[in-house]
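Input: a single structure, listed below in structure tokens.
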Amino acid sequence: MILNKVIPYDPLRPKAMPGISPLDQGDWLRVDETYAAQLAEKARIVEKDRDLVLAMSEDARLAAEELLETVVTALIAKEGFSLQGNALLCPDERLVELDRSDPMLTLSQLTQEDFCILQKQGLEHVLTGASLCFPASWLLAEKFMRPLINIHEPVASYDENIARRVQRLFDGVRVEQPLWRFNALWYADPALHQPRSAHERRDERFAETAKFMRSELQTIRRLPLTGAVIFGIHTYVLAECTLNRQSACP
């Protein structure tokens, strides 16, 4: 069980969809107290079933390579990371080889964030690449190479009006101004890796008695060279008692 004890925003504060705010570039990637545990869990998941969590079309290769370089540049500016030749020394003392021929795998070894690469094809942005070790009740295989509207099909609040607004958002996001939002869902199971088909939806009948809050800090930024839009997901899981100021965790 990998749980956070702190979260940098109030996940219970209601926000209207899509709830987007400007993001400081320095806050794009975050390192919290679960870094070592989450990265170890990512490695375990990739080793067990790589094809379930990593995907990249050849159309996305240049964007994936640019994303990797952007991530490395951002990380070496943070405390705990240092470049050692063609490898990055991470806060958990792992030395990660920067394999640019396999960018999605390398990304999964560096950050707590999962990443989705979205590229404009026709009138819509399509999911052309992803490193998605911690899905929250969806399957990468069902969304890969599909447009944005189809990615959000099972979300009840994601109606046609919201879909148009989100597409305009992805069209308009500027290189110099990344954006962020968050969500919050109650889960009975605190596991980070929760793939689930759109045809087997999560049972929400017991949300009121669930003991764990799962919140994603979602970021949106445009890469300057390829113009691809990157959707980043930093997952926090907190016990109910952590959020409840009236009681203390055991």
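Here the structure is a predicted model, which means the values were calculated and not measured.
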- Message: Looking at Gln194 and Tyr187, would you say the former's side chain and the latter's main chain have a donor-acceptor pair under 3.5 Å?
- Response: no
- Task: Write down the atom of Asp99, the atom of Leu68, and the distance for their closest heavy-atom approach.
- Result: O-CD2, 4.2 Å
- Task: For the residue pair Cys90 and Phe81, establish whether any side-chain heavy-atom pair is separated by less than 4.5 Å.
- Result: yes
- Query: Is there a side chain to side chain contact (heavy atoms under 4.5 Å, CB included) between Arg221 and Val229 once you walk through the steps?
  - Reply: CA-CA 6 Å; Arg221 71 174 298 169; Val229 175; over 6 Å; no
- Message: Quick check: closest heavy atoms across Asn183 and Gln218, and the distance to 0.1 Å?
- Response: ND2-NE2, 3.3 Å
- Report whether Trp180 and Val175 are members of the same hydrophobic cluster (ILVMFWY, side-chain heavy atoms less than 4.5 Å apart, transitive linking). no
- Any donor-acceptor N or O pair under 3.5 Å, side chains Asp32, Gln112: yes
- Item | Phe144: partners by ring pair (Phe, Tyr, Trp, His ring centres under 6.0 Å), with sequence neighbours left out | none
- Item | Validation row: Pro190, Lys211 side chains within 4.5 angstrom (heavy atoms) | no
- Side-chain heavy atoms under 4.5 angstrom apart, residues restricted to Ile, Leu, Val, Met, Phe, Trp, Tyr: same cluster for Ile2 and Ile45? yes
- How far does SG of Cys133 sit from CD of Gln38, to the nearest 0.5 angstrom? 10.0 Å
- Message: Could you measure the distance from the CZ atom of Arg61 to the OG1 atom of Thr226? Nearest 0.5 Å is fine.
- Response: 13.5 Å
- Message: Any non-hydrogen side-chain atom of Asp171 less than 4.5 Å from a side-chain atom of His125?
- Response: yes
- Item | Note, Leu3 side chain near Leu238 side chain (heavy atom, < 4.5 Å) | no
- From OG1 (Thr219) to CZ (Phe231), nearest 0.5 Å: 7.5 Å
- Message: Are Val31 and Thr111 packed together at the side-chain level, in the sense that at least one heavy-atom pair is separated by less than 4.5 angstrom?
- Response: no
- Rounding to 0.5 Å, atoms OG1 (Thr34) and CG (Leu192) come to a distance of 7.5 Å
- Rounded to the nearest 0.5 Å, how far does OG of Ser131 lie from CE of Met56? 12.0 Å
- In plain terms, say whether Glu69 and Arg100 are close enough for a salt bridge, that is, a side-chain N and a carboxylate O under 4.0 Å apart. yes
- For side chain to side chain contact (heavy atoms under 4.5 Å, CB included), just list the numbers for Asn86 and Glu97, CA-CA rounded to whole Å, side-chain angles, deciding distance to a tenth of an Å, and then say yes or no. CA-CA 6 Å; Asn86 191 48; Glu97 189 74 18; 3.1 Å; yes
- Message: Less than 4.5 Å apart, side chain to side chain, heavy atoms only: is that true for Arg13 and Phe182?
- Response: yes
- Would you confirm whether Arg214, through its side chain, and Ala191, through its main-chain N or O, come within 3.5 Å as a donor-acceptor pair? yes
- Closest heavy-atom pair and its distance - Phe115, Val71: CZ-CG2, 3.9 Å
- Query: Under 3.5 Å, is there a donor-acceptor pair between the side chain of Glu240 and the main chain of Ala210?
  - Reply: no
- In one Ile/Leu/Val/Met/Phe/Trp/Tyr side-chain cluster, 4.5 Å: Ile76, Leu223: yes
- Locate the shortest heavy-atom distance separating Thr242 from Lys5; write the atom from each residue and the value. CG2-O, 3.2 Å
- So if you build clusters from Ile, Leu, Val, Met, Phe, Trp, Tyr with side-chain heavy-atom gaps below 4.5 Å, do Tyr35 and Leu95 land together? no
- After noting the C-alpha distance and the side-chain angles of Glu41 and Phe134, does the key distance pass the side chain to side chain contact (heavy atoms under 4.5 Å, CB included) rule? CA-CA 9 Å; Glu41 178 68 357; Phe134 301 153; 3.8 Å; yes
- Query: To the nearest 0.5 Å, how far apart are NZ in Lys42 and NE2 in His193?
  - Reply: 12.0 Å
- Task: Determine the sole option in Asn4, Leu12, Ile7, Leu185 for which the side chain to side chain contact (heavy atoms under 4.5 Å, CB included) test with Ser215 is passed.
- Result: Ile7
- Task: Step by step, work out the side chain to side chain contact (heavy atoms under 4.5 Å, CB included) result for Leu132 and Lys143.
- Result: CA-CA 11 Å; Leu132 186 75; Lys143 310 300 183 180; over 6 Å; no
- Indicate yes or no: does Glu47 engage Arg44 in a salt bridge with an N to O separation below 4.0 Å. no
- Do the side chains of Glu113 and Arg30 get nearer than 4.5 Å, heavy atoms only? yes
- Task: Please answer: with hydrophobic residues joined when any side-chain heavy atoms are less than 4.5 Å apart, are Leu54 and Leu62 in the same cluster?
- Result: no
- Closest contact, heavy atoms only, Arg222 versus Gly172: NH2-N, 4.2 Å
- Shortest non-hydrogen separation from Met104 to Gly129 and the atoms involved: CE-C, 4.4 Å
- Query: Taking C-beta and beyond as the side chain, do Val53 and Leu140 meet within less than 4.5 Å on heavy atoms?
  - Reply: no
- Message: Treating Gln177 as the side-chain partner and Leu23 as the backbone partner, does any N or O pair qualify as donor plus acceptor under 3.5 Å?
- Response: yes
